[in-house]
Number of protein chains: 2
Amino acid sequence: MTGDRATATLDLLLEISTLLATDMRRDLQARGLTAARTHLLWVLHHAGPATQRGLADALQVSPRNVTGLVDALVDTGFVTRTPHPGDRRAVLVELTGKGRALTEGLVGEHRQLAGQLLGDLPAADLARLSAGLEHVADKLRPLVPGDEMGGHRA
Amino acid sequence: MTGDRATATLDLLLEISTLLATDMRRDLQARGLTAARTHLLWVLHHAGPATQRGLADALQVSPRNVTGLVDALVDTGFVTRTPHPGDRRAVLVELTGKGRALTEGLVGEHRQLAGQLLGDLPAADLARLSAGLEHVADKLRPLVPGDEMGGHRA
DNA sequence: TATTGTTATACTCTATAACTATA
DNA sequence: TATAGTTATAGAGTATAACAATA
């Protein structure tokens, strides 16, 4: 039955999700980072300096939560808070050299992981896998309103 | 370049992971359940009554953590604690009628979601997607030691 | 009056360590 | 001596509400 095949495929997708999350979390932990803090660094890496308000929107998380994450990342030297020029209420959060080194390292590891998981798949198979995943993502995106962060994840 | 194609495919996989997690969490929250508690119910659904020790092993989480999760699920009426016949140190955790109704509902919704995401994919495409995902899972499983829970996730 | 970020408070998941009751 | 589960303590992520400074 096709229905069972679909269910088994969704199961596979969920298993892979868990495995990927576990694998990445372990790598980050070794460097003293959590998933939430890394996600914030990742947003800064892609978007450049941002206000905490902007980060809260990007991460879809409360402003109060951002305060805590930025506090921790300042303490550990990954980001700095500087006054916002032109709005004295706001601060600009930006990556330090250490922060930039980290996110650039992540890009490389990300690429390496992609190679490890998909590198020996024939190009035609990779294209078909990609197409299948696009199909799934297209169905899924409308189910989760207020996404916009597609891909920006560590 | 093939490398970039692989990276883009991994990105897609990560985006889908996030979307799936968000979608499922929202559904559960509406019923007063968190991901961790639901995961425990899911294990009971598949394995039947279990000791807290057994649950800790299955969930790969500390015994102390299980105490808290079971406390909450007892309070909300999803499981019961009964004395273990034959070992007076241990307790058996089992689903109540409410708990069973919930997990059975999850099975149905899971199937429905699979149909929604994959139902209109031609059988051949579904088979190729499935094969591609199997390839990824095969590469990924050895990277995450002590898994064994493949598929058992809510 | 609205917005930015903070303090105050609280809940959940998670962990380790020490302890009790049993094996 | 080892195991099952609890109490004690702690850290991280998350949220809402009230508040200060600024727009």
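Residue numbers start from 1 in every chain, and the chains themselves are labelled A, B, ... in the order their sequence lines are given, proteins ahead of strands.
The side chain to side chain donor-acceptor pair (under 3.5 Å) check on R88(A) picks up nothing, with sequence neighbours excluded.
Nucleic acid contact class of V91(A) (heavy atoms, under 4.0 Å, all strands): sugar-phosphate only.
With respect to the salt-bridge test (charged N to carboxylate O, under 4.0 angstrom), the residues R111(B) and E104(B) do not qualify. Salt bridge annotation for R141(A)-E15(B): present, with a cationic side-chain nitrogen under 4.0 angstrom from a carboxylate oxygen. Classification of R81(B) and D71(B) as a salt-bridged pair holds, one side-chain N sitting under 4.0 Å from a carboxylate O.
Residues from residues 49-56 of chain B with heavy atoms under 4.0 angstrom of DNA chain D, sorted by number: T51(B), Q52(B), R53(B). Of the residues in residues 69-82 of chain B, R81(B) come within less than 4.0 Å of DNA chain D through at least one heavy atom, sorted by number.
In summary, the side chains of D125(A) and H135(B) do not present any donor paired with an acceptor at a separation below 3.5 Å, with no hydrogens or angles considered.
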All N/O donor-acceptor pairs, side-chain side in residues 23-30 of chain B, below 3.5 Å, sequence neighbours left out:
residue, atom, partner, partner atom, Å
D23(B), OD1, R26(B), NH2, 2.7
R26(B), NH1, L143(A), O, 2.9

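Rounding to the nearest 0.5 Å gives a distance of 9.0 Å between CG of L92(B) and OG1 of T80(B). Atoms CG and CD, from N65(B) and Q60(B) in turn, are 12.5 Å apart once rounded to the nearest 0.5 Å.
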Would T38(A) and L106(A) satisfy side-chain contact (heavy atoms from CB on, under 4.5 Å), going step by step from the backbone distance to the final call?
CA-CA 10 Å; T38(A) 308; L106(A) 288 184; 3.6 Å; yes
Could you go through V144(A) and L20(B), starting from their C-alpha distance and side-chain angles, then the distance that decides it, and tell me whether this counts as side-chain contact (heavy atoms from CB on, under 4.5 Å)?
CA-CA 9 Å; V144(A) 180; L20(B) 280 173; over 6 Å; no
Taking protein heavy atoms under 4.0 Å as touching, what does nucleotides 15-23 of chain D look like 5' to 3' if B marks base contact, S marks sugar-phosphate-only contact and - marks none?
BB----BBS
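Of all nucleotides in DNA chain C, those with any atom nearer than 4.0 Å to a heavy atom of chain B start and finish, going 5' to 3', at dT12(C) to dA23(C).
Proximity of a side-chain donor or acceptor of T9(A) to a complementary backbone N or O of R5(A) within less than 3.5 Å is detected. Checking side-chain atoms of T96(B) against main-chain N and O of G77(B) turns up a donor-acceptor pair under 3.5 Å.
Rounded to a whole Å, the CG atom of L33(A) is 15 Å from the C1' atom of dG13(D). Summarising the geometry, the separation between CG on L28(A) and C1' on dA12(D) is reported as 15 Å, rounded to the nearest angstrom. The distance between atom CD of Q29(A) and atom P of dG11(D), rounded to the nearest whole Å, is 16 Å.
Distances shorter than 4.0 Å separate some side-chain N or O of T67(B) from OP1 or OP2 on dT6(D).
The aromatic rings of W42(A) and H46(A) sit perpendicular, their planes meeting at an angle over 60°, well past the 30° parallel limit.
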